[in-house]
There are 2 protein chains.
Amino acid sequence: MPRVTIKEIAQRAGVSKGAVSYALNGRPGVSEATRARVLQVAAELDWRPNSAARMLSGARTATFGLVLTRQPETLGNEPFFMQFVAGLERVLGPRGHALLLQVAHDLDVEMTTLRTWSAERRVDAVVVVDLRVGDPRVPLLRELGLPAVVVGDPSLAGGLPCVWTDDAAAVEEAVGHLVALGHRRLARVAGSADLGHVQIRDLAFAAATAAAGVSALTLHTDFSGQQGGQVTKDLVLGDSPPTAVLYDNDLMAVAGLSALNEAGVSVPEQVTLLAWDDSALCRVTHPRLSAVGHDVVAYGAAVAERLFQLLDGSPPDPVLAHTPRLHERASSGPPPGGPVRPRATTGGRA
Amino acid sequence: MPRVTIKEIAQRAGVSKGAVSYALNGRPGVSEATRARVLQVAAELDWRPNSAARMLSGARTATFGLVLTRQPETLGNEPFFMQFVAGLERVLGPRGHALLLQVAHDLDVEMTTLRTWSAERRVDAVVVVDLRVGDPRVPLLRELGLPAVVVGDPSLAGGLPCVWTDDAAAVEEAVGHLVALGHRRLARVAGSADLGHVQIRDLAFAAATAAAGVSALTLHTDFSGQQGGQVTKDLVLGDSPPTAVLYDNDLMAVAGLSALNEAGVSVPEQVTLLAWDDSALCRVTHPRLSAVGHDVVAYGAAVAERLFQLLDGSPPDPVLAHTPRLHERASSGPPPGGPVRPRATTGGRA
DNA sequence: CTATGCCACTGAACCGGTCAAGCACAGCGA
DNA sequence: TCGCTGTGCTTGACCGGTTCAGTGGCATAG
């Protein structure tokens, strides 16, 4: 396979390598006539730049990196990541950029990968997800001088450019909705406490319930269905059970629903359940799960846009992608014994 | 950030660039004493090869490509892909290789990506999944001369090296199990008929049911929960309903279970359900779903191993990764009216 | 003592682009 | 007529590795 190079284009077009480079990159230094001729020859030969050569001289790899650090099983259970990646690519693809992906099983491996990518010059920038509280990746990226876009709350990003969703506002909306329905004892089945977005929801949940003067309890899990189901049973079958439970992902909500179903507790008559993420899972249960959710594909696309802005030298201001909204379905309703006052909501969205 | 290059190592070690290259790559041409000195200097300076420079001269990118062509939503709902990727990385990471990922929304985009990666020399080889019947990617890869490992049945791979799981045998096991339980009317809720693995299961299902002399019906869907639920209801509430339904993924099985639950049909008393893939979803329903499943992470790892073998020049023989097995849980049992003969199974695995 | 061969290493070309510097020539004003 | 400026193109260095054709030194064979 004799690969087409600019040298060959230069010969055929009767100009030098340099002129071809100028012409192909749309920069001044060649006449329009020459440029057109070069472009035509390039098209005829179906020339594509050798990415390695570009990288070597230009120092731009046209590649971004993403490391996902979770257990493979957990990762598979979260539709979030695949949709997020799809959103990234929606923007990267048309711009000729590629995504380098690594799935790591712990943060140390991820950090090593970031170091390697930086040292080997494999990526122009990286996307960082699942921020921890006091995340060690933030200082590492600073130290490496590796451009990065952090997916998460500005309070966690340590000054790095970030794209975030306002989870606190979403929690407030959910709590407000539940309180308006008449619920007075709320519980939250949360993910790992060391994850930044979990902590942000923790705080928002505590604040919103305190402000509304209702009781609240948050329990942390590993995001698994197993723990989601167990914790739900413990809560609902225990002393002073909550009348509404808010989950940190969809899988745990599904597991909770099944556990209650098994225990003979009816949803939403006895307990209201609210999932988080609003993936397809929420629409395949009976009753269908009400959920706090957002457009994850668009979220990924927003992050990709931010990556390009970053390389263009824009300042590291946080970008709010959007605020997750509550989607009411059949798993939520007034608490048993009826609402304190008539349904005060404005009606749900499907 | 003054990047460390072999030139600097050469200066410090008092040898030439060439000698350093030999030393670092473990090839003959330098004495052991010199090699040790070079390696030590390299370690001290924390040298890493510039990947672009390597690619440019060596023509090896240490990168493999993977294109996933599905709707982003569908993709998110299939734990398969994330686990598969995790399995790939399990092997690639330690060997210093990276994975370039693209999510495409149709096959044309995927083909364009493959052309681009090949022309730009971005990858050493690619992994091809979701093979179609008469897949156009097979001749394309041939034309491009791009090394590839096909994930799927040898009959679909068109002579390209492939890694596969014996889905036909798994279908036979499932049908055998159902027949042994006494079921005489089976149905299958399948995915898109144009996917190779769906067709293989189609044929195996038809053959196995015919051999057992039981009635069988296969309906195709788009893998979505919505269609999975709808088709299940149509089947079970229709004329001559099946007593057992085998699904092509977990999501549809969950949706089917919910739909029946909603319609007041009890599982497994009235209908037996069997999911496929056996992700965490199967353990968060009530009753828990029996499923045909396998170790997807190991599958991905096997594919990665095959990639390296391919680059080492091994012949394109198919590799059987493993055969999915039936995992019995609570959604399967004898048909209503009792088994034709006493339970003939040897007991299930968790 | 020369010839032979091997070992360890050097020097330079090369991969395919980018880019700064330089050069030829046209157009223009003085 | 001579310089000056700007356009359009060429030349060649450079990125950081790999690789191949030497080369000099040394040991062994003839």
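Proteins get letters first, then strands, A, B, ... in listed order; numbering begins at 1 in each.
To the nearest 0.5 Å, the span separating CG on B/Leu100 from CZ on B/Arg122 amounts to 6.0 Å. With rounding to the nearest 0.5 Å, the separation of OG1 in A/Thr74 from CZ in A/Phe81 is 9.0 Å. Here B/Glu44 contributes atom CD and B/Leu39 contributes atom CG; the two are 11.5 Å apart, rounded to the nearest 0.5 Å.
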Which side-chain N or O atoms in residues 19-26 of chain A pair as donor and acceptor under 3.5 Å with protein atoms at least two apart or in another chain?
residue : atom : partner : partner atom : Å
A/Ser21 : OG   : A/Asn25 : ND2          : 3.4
A/Asn25 : OD1  : A/Arg54 : NH2          : 3.1
A/Asn25 : ND2  : A/Ser21 : O            : 2.8

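Checked against salt bridge (Lys or Arg N to Asp or Glu O under 4.0 Å), B/Asp135 has the following partners two or more places apart in sequence or in another chain: B/Arg137. Taking A/His294 as the reference, A/Tyr299, A/His322 meet the ring pair (Phe, Tyr, Trp, His ring centres under 6.0 Å) condition, with sequence neighbours excluded. Here B/Thr165 pairs with B/Asp167 under the side-chain hydrogen bond (donor to acceptor under 3.5 Å, both in side chains) rule; sequence neighbours left out. Among residues two or more places apart in sequence or in another chain, the ring pair (Phe, Tyr, Trp, His ring centres under 6.0 Å) test is passed with B/His97 by B/Phe64, B/Phe308.
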Protein N or O to nucleotides 4-7 of chain C N or O, pairs below 3.5 Å:
none

Between the protein and nucleotides 18-20 of chain C, are there any N/O to N/O pairs under 3.5 Å, and if so, what are the atom names and distances?
residue : atom : partner : partner atom : Å
C/dT18  : OP1  : A/Asn25 : ND2          : 3.2
C/dT18  : OP1  : A/Arg54 : NE           : 2.8
C/dT18  : OP1  : A/Arg54 : NH2          : 3.3
C/dT18  : OP2  : A/Ser21 : OG           : 2.6
C/dT18  : OP2  : A/Asn25 : ND2          : 3.2
C/dT18  : O4'  : A/Ser57 : OG           : 3.3
C/dC19  : OP2  : A/Arg27 : NH1          : 3.4
C/dC19  : OP2  : A/Arg27 : NH2          : 2.8
C/dA20  : N7   : A/Tyr22 : OH           : 3.2
C/dA20  : N6   : A/Tyr22 : OH           : 3.1

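Residue contacts shown for B/Thr5 are limited to sugar-phosphate atoms, with no base heavy atom under 4.0 Å away.
Within residues 31-38 of chain B, the residues approaching DNA chain C are B/Ser31, B/Thr34, by heavy-atom distance under 4.0 Å.
Contacts between chain A and DNA chain D, taken as any atom within less than 4.0 angstrom of a protein heavy atom, begin and end at D/dG8 to D/dG16.
At a threshold of 4.5 Å between non-hydrogen side-chain atoms, the residues B/Val129 and B/Phe84 count as touching. At a threshold of 4.5 Å between non-hydrogen side-chain atoms, the residues A/Asp153 and A/His197 do not count as touching.
Rotation axes derived from the C1' atoms of the five outermost pairs at either end of the helix from C/dC1-D/dG30 to C/dA30-D/dT1 lie 70° apart, to the nearest 10°.
Of the residues near DNA chain C, A/Asn50 and B/Val30, the one whose nearest nucleotide (by heavy atom distance) lies more toward the 5' end is B/Val30.
Salt bridge B/Glu120/B/Arg115: absent, no basic N to carboxylate O contact under 4.0 Å.
For residues 16-39 of chain A, the salt bridge (Lys or Arg N to Asp or Glu O under 4.0 Å) pairs, not counting sequence neighbours, are A/Glu32-A/Arg35. Within the structure, every pair that satisfies the salt bridge (Lys or Arg N to Asp or Glu O under 4.0 Å) test and touches residues 76-99 of chain A, not counting sequence neighbours, is listed here: A/Arg70-A/Glu78, A/Arg95-A/Glu305.
Remark: the backbone N or O of A/Asp194 is not paired with any side-chain donor or acceptor of A/Ser192 at under 3.5 angstrom. A donor-acceptor distance shorter than 3.5 angstrom exists from the side chain of A/Arg132 to the backbone of A/Asp130, with no hydrogens or angles considered.
Atom pair B/Arg122:CZ and C/dG16:C1' shows a separation of 15 Å (rounding to whole Å applied).
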